[in-house]
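This is a predicted model, so every value here is computed, not measured. Start at 1 with the first residue, then count along the sequence. Whatever order the structure lists ligands and atoms in, that order sets their numbers, starting from 1.
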Amino acid sequence: MDGVLESGVIGAGQAGLSTSYHLRRLGVDHVVLDADERPGGAWQHRWDSLSMDDVHGVADLPGSPAPGRGSDPANRVVPAWFADYEARYDLPVLRPVAVDRVTSEGELLVVHAGDRSWRSRTLVNATGTWRTPFVPYYPGAGDFRGEQLHASQYPGADAFVGRRVLVVGGGASAVQLLGEIALVTDTLWVTRRPPVWRTGDFDREAGRAAVALVEERVRRGLPPASVVSVTGLALREQEREAERRGAYRRLPVFERIEPDGVRWPDGRFEPVDVILWATGFRPSIAHLAPLRLRSRHGGIRLDGTTAVADPRVQLVGYGPSASTIGANRAGRAAALAVARRLDAASVDTLTA
Ligand SMILES: Cc1cc2nc3c(=O)[nH]c(=O)nc-3n(C[C@H](O)[C@H](O)[C@H](O)COP(=O)(O)OP(=O)(O)OC[C@H]3O[C@@H](n4cnc5c(N)ncnc54)[C@H](O)[C@@H]3O)c2cc1C
């Protein structure tokens, strides 16, 4: 264990990099601990067929405009941009460092990663959601004889040729993956609610309203809902053929999983070989458990980016800031909150 840092940032995705940039400018001594082998945050793990044309839009980082659209894969373009950014601003990123827990020792926070640890006066958590894919529980799931995988493990459509694939989930990922898989094999689509199709451009007003809704949830300490899922679903040109083949005729949720397929409450049975769960993610925050930040409602109550239960801790890319634009803005807010907290603490020390 070295000396005491003014701040520790966990995660070097859009949220962590934006935070680190602003901490640097504010002269706050910090490190950024990142679990991945390479720069790129979650973007380096996106499936190969997700191009820069396919993403909703990646926000700028402070001092560096985002790469433009195009057919190049997002999992190469964005990580290259992040790598360049880290180098250009000389951000103090250490990797691979997978933080397993953060504890409190008196005034200080201790960040543990295996047998290494860092002591810090403040903490900014920027760990995103990619490492905690969410798969809902269905009776019988353990007895399924076929393959089950989450969208985060999507190997490309060719891996499913000759097998009947059930895609579960009503978000943009499900639509995109069906658009590819339905061209090479038989598919079924199940969503909890009927999908909401958007015909024109993304409605910014609706986007702002959705962010406000998630903000209100985290202010009350409820688990955050997804911001990026509120943009409505749109079919792109490359999905039209899948649409003609009936890939977007959605079925309601089944009741149980059986060894060779799924069954609905009315007795209907569909045999399937693969269940692909496009059912989203949850915040990757298990390492914060010792700090007991969760409210009795199950979420972490925030005031801006500051954890109400422990104001030494900021959360960015969480709840209303779980989008690239949100993460970027939250990084600035968190860095300012850290600087204010350090200033207040030093005044306290001087006057004590
Ligand atoms: C398929 C898909 C497409 C998307 N498209 C868009 C889009 O077009 N536009 C948009 O605005 N948003 C989009 N989003 C959401 C957007 O990607 C995220 O909100 C944003 O990139 C998250 O940035 P982040 O910095 O919070 O997290 P991440 O990019 O996930 O970075 C988190 C970092 O934290 C590290 N980490 C995690 N846990 C630990 C730990 N315990 N210890 C150390 N390090 C850790 C990880 O290694 C990672 O580098 C999309 C999401 C998905 C799944």
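Considering both main-chain and side-chain atoms, Asp34 comes within under 3.5 Å of ligand 1 through a nitrogen or oxygen pair. Considering backbone and side-chain N/O of His56, one or more are found under 3.5 Å from N/O of ligand 1. Close N/O approach between Thr324 and ligand 1 is found [any backbone or side-chain N/O within under 3.5 Å]. The shortest N/O to N/O separation between Ala327 and ligand 1 does not fall below 3.5 Å. Between Ala98 and ligand 1, no pair of N/O atoms sits closer than 3.5 Å. Ligand 1 has no N or O atom lying under 3.5 Å from any N or O atom of Ile325, backbone or side chain. At a 3.5 angstrom cut-off on N or O pairs, Ala42 counts as close to ligand 1. Residue contacts with ligand 1: Gly57 is placed with a nitrogen or oxygen under 3.5 Å of a nitrogen or oxygen of the ligand (distance criterion only).
The closest approach between Phe281 and ligand 1 falls below 4.0 Å for a heavy atom of the residue. The closest approach between a heavy atom of Ser284 and any atom of ligand 1 is not below 4.0 Å.
Contacts between Val55 and ligand 1 below 4.0 angstrom, taking non-hydrogen atoms only, involve backbone and side chain alike. If you look at Ala322 next to ligand 1, the close heavy atoms, those under 4.0 Å, all belong to the backbone. Only the backbone of Leu33 comes within 4.0 Å of ligand 1, judged by heavy-atom distances. Residue contacts with ligand 1 for Ala113 are absent, since no atom lies close enough (heavy atoms, distance under 4.0 Å). Residue contacts with ligand 1, taken as heavy atom pairs separated by less than 4.0 Å, involve Trp47 solely via side-chain atoms from C-beta onward. In Val97, the part holding a heavy atom less than 4.0 Å from any atom of ligand 1 is the backbone.
Between the side chain of Tyr89 and the backbone N or O of Gly63, at least one donor-acceptor pair lies under 3.5 Å. Side-chain N or O atoms of Thr187 include none that pairs as donor or acceptor with a backbone N or O of Leu178 at under 3.5 Å. When atom types are taken as modelled, the side chain of Arg217 and the backbone of Pro223 share a donor-acceptor pair closer than 3.5 angstrom. Using modelled atom types, no side-chain atom of Asn75 and backbone atom of His45 make a donor-acceptor pair closer than 3.5 Å. A distance-only check finds a donor-acceptor pair linking the side chain of Tyr318 to the backbone of Ile300 [under 3.5 Å]. Distance alone, capped at 3.5 Å, is enough to place a donor-acceptor pair between the Thr132 side chain and the Thr129 backbone. Panel note: side chain Thr122, backbone Glu6; a donor-acceptor pair is recorded below 3.5 Å. Asp34 contributes a side-chain N or O that, together with a main-chain N or O of Ala12, makes up a donor-acceptor pair within less than 3.5 Å.
Short contacts between ligand 1 and Gly317, defined as distances under 4.0 Å to a heavy atom of the residue, involve ligand atoms 26 (O). For ligand 1, the atoms lying closer than 4.0 Å to a non-hydrogen atom of Asp36 are 46 (C), 47 (O), 48 (C), 49 (O). Residue Gly11 has at least one heavy-atom neighbour below 4.0 Å for each of these atoms of ligand 1: 33 (C), 34 (O), 35 (C). Close contacts between ligand 1 and Ala15 involve ligand atoms 25 (O), 26 (O) [criterion: under 4.0 Å to a heavy atom]. Heavy-atom proximity to Ala126, at under 4.0 Å, picks out these atoms of ligand 1: 32 (C), 33 (C), 34 (O).
Considering Gly16, Ala59, Gly13 only, the shortest heavy-atom separation from atom 31 (O) of ligand 1 involves Gly13. Of the candidates Arg131, His287, Gln176, Arg46, it is Arg46 that places a heavy atom closest to atom 16 (C) of ligand 1.
The cluster map of Ile, Leu, Val, Met, Phe, Trp and Tyr, joined by side-chain heavy atoms under 4.5 Å apart, puts Leu251 and Val272 in the same cluster.
Between Tyr21 and Leu61, the closest side-chain pair of non-hydrogen atoms is not below 4.5 Å. Taking 4.5 Å as the limit, some side-chain heavy atom of Asn125 sits within range of a side-chain heavy atom of His287.
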The test is salt bridge (charged side-chain N to carboxylate O under 4.0 Å, His left out); show your working for Arg219 and Glu215 and say whether it passes.
CA-CA 6 Å; Arg219 237 194 313 273; Glu215 249 159 20; 5.0 Å; no

Give the intermediate values and the outcome of salt bridge (charged side-chain N to carboxylate O under 4.0 Å, His left out) for residues Arg131 and Asp36.
CA-CA 11 Å; Arg131 286 169 175 260; Asp36 272 294; 3.7 Å; yes

